[in-house]
Amino acid sequence: GAENCGTENRGTTAKRHRPARQSSNKITKYKGKPTSTSRRARYTPADDAKILQLMGQGLSWSAIAEQFPGRSARAIQVRYQTKLKATEEWEVKAICGKNKRDDGGWELLVQWKGGEETWEPYENMAETKALDEYERLHGRVIVDTVDAL
């Protein structure tokens, strides 16, 4: 009955886990590491800013999660409550400049409310008020033809 299943599983589980534990120190294995970032890419300042922006629009956690493929609504809620709500240091203060990358894409110099400045891909900042303000003052970053730049 049920007792035999538990005994069988215990035996095979122990054998099955032994190689996994031995190989868990390899860089390619993430099993069992304690940090929440071990299996998922870290949140970038732009991710955090986007979460804050969407929160400011009053969207639900599930609606916000739709903007972050691969992240659950719960994961984003935890990120907000543990890292963003208290500090909101990654809120965009202003966009200070633009630069064309080697691959032809654009990046923007973002000044965060926490004081830090980072270069972020245009795509990460596309829906921010800071970009709207920057383009109002300096013209559109991306236009239809290269000649117009």
Side-chain angles (χ1 to χ4, degrees), residues 9-10 12-149:
N9 285 344
R10 251 182 255 125
T12 56
T13 301
K15 287 177 190 168
R16 207 177 289 134
H17 279 303
R18 236 177 254 124
R21 282 196 195 113
Q22 289 168 358
S23 63
S24 67
N25 291 334
K26 290 181 183 175
I27 292 170
T28 57
K29 292 278 187 174
Y30 295 102
K31 184 172 181 168
K33 289 192 179 181
T35 62
S36 60
T37 56
S38 62
R39 293 181 314 197
R40 167 82 33 228
R42 291 184 178 272
Y43 286 86
T44 66
D47 289 340
D48 289 344
K50 189 172 183 179
I51 291 169
L52 288 168
Q53 178 207 359
L54 295 171
M55 277 294 303
Q57 293 174 9
L59 296 179
S60 68
W61 293 118
S62 58
I64 293 172
E66 289 174 10
Q67 303 294 315
F68 295 91
R71 296 196 192 272
S72 69
R74 180 69 184 133
I76 292 170
Q77 183 179 6
V78 167
R79 176 68 178 179
Y80 175 76
Q81 291 175 338
T82 60
K83 302 289 185 210
L84 306 178
K85 188 175 171 184
T87 62
E88 297 198 355
E89 66 184 27
W90 293 123
E91 194 173 332
V92 178
K93 183 173 183 180
I95 293 176
C96 306
K98 65 180 180 180
N99 184 44
K100 190 139 190 171
R101 298 187 312 241
D102 293 340
D103 66 5
W106 286 93
E107 59 186 4
L108 301 168
L109 181 58
V110 178
Q111 183 180 35
W112 304 97
K113 287 204 173 158
E116 191 177 344
E117 288 186 353
T118 61
W119 286 97
E120 297 291 337
Y122 174 88
E123 302 76 44
N124 290 0
M125 308 311 298
E127 302 297 320
T128 62
K129 289 179 187 171
L131 180 60
D132 293 343
E133 180 67 11
Y134 179 85
E135 289 184 329
R136 189 178 68 75
L137 296 171
H138 304 285
R140 290 194 27 83
V141 173
I142 295 178
V143 293
D144 294 334
T145 62
V146 176
D147 297 338
L149 297 176

For a 4.5 angstrom cut-off between non-hydrogen side-chain atoms, does Arg79 reach Asp48?
yes
For the residue pair Ser72 and Ala65, what are the closest heavy atoms and their distance?
C-CB, 4.0 Å
Counting only heavy atoms not in Asp102, do more than 12 fall under 6.0 Å of its CG?
no
CD of Glu66 to OG of Ser60: how many Å apart, nearest 0.5 Å?
7.0 Å
Nearest-0.5 Å distance that lies between atom CG in Asn99 and atom OH in Tyr122:
15.0 Å
Inter-residue atom distance Leu131.CG - His138.NE2, 0.5 Å rounding
11.0 Å
Can you check whether Phe68 reaches Lys50 side chain to side chain, under 4.5 Å on heavy atoms?
yes
Note, Ile95 side chain near Thr128 side chain (heavy atom, < 4.5 Å)
yes
Flag the pair Tyr80 / Ile64 as yes when at least one side-chain heavy-atom distance between them is below 4.5 Å, and no otherwise.
no
Looking at side-chain heavy atoms only, is the closest gap between Asp47 and Arg71 below 4.5 Å?
yes
If I compare all heavy atoms of Ala63 with all of Leu59, which pair ends up nearest, and what's the gap?
CB-CB, 4.1 Å
Report yes if some heavy atom in the side chain of Ile76 is under 4.5 Å from a heavy atom in the side chain of Tyr43; otherwise report no.
yes
Supply the atom-to-atom distance Tyr134 OH to Lys98 NZ, rounded to the nearest 0.5 angstrom.
5.5 Å
I'd like to check Val92 versus Trp112 (side-chain heavy atoms, cut-off strictly below 4.5 Å). Are they in contact?
yes
Is there side-chain contact between Leu109 and Glu117, with heavy atoms separated by less than 4.5 Å?
yes
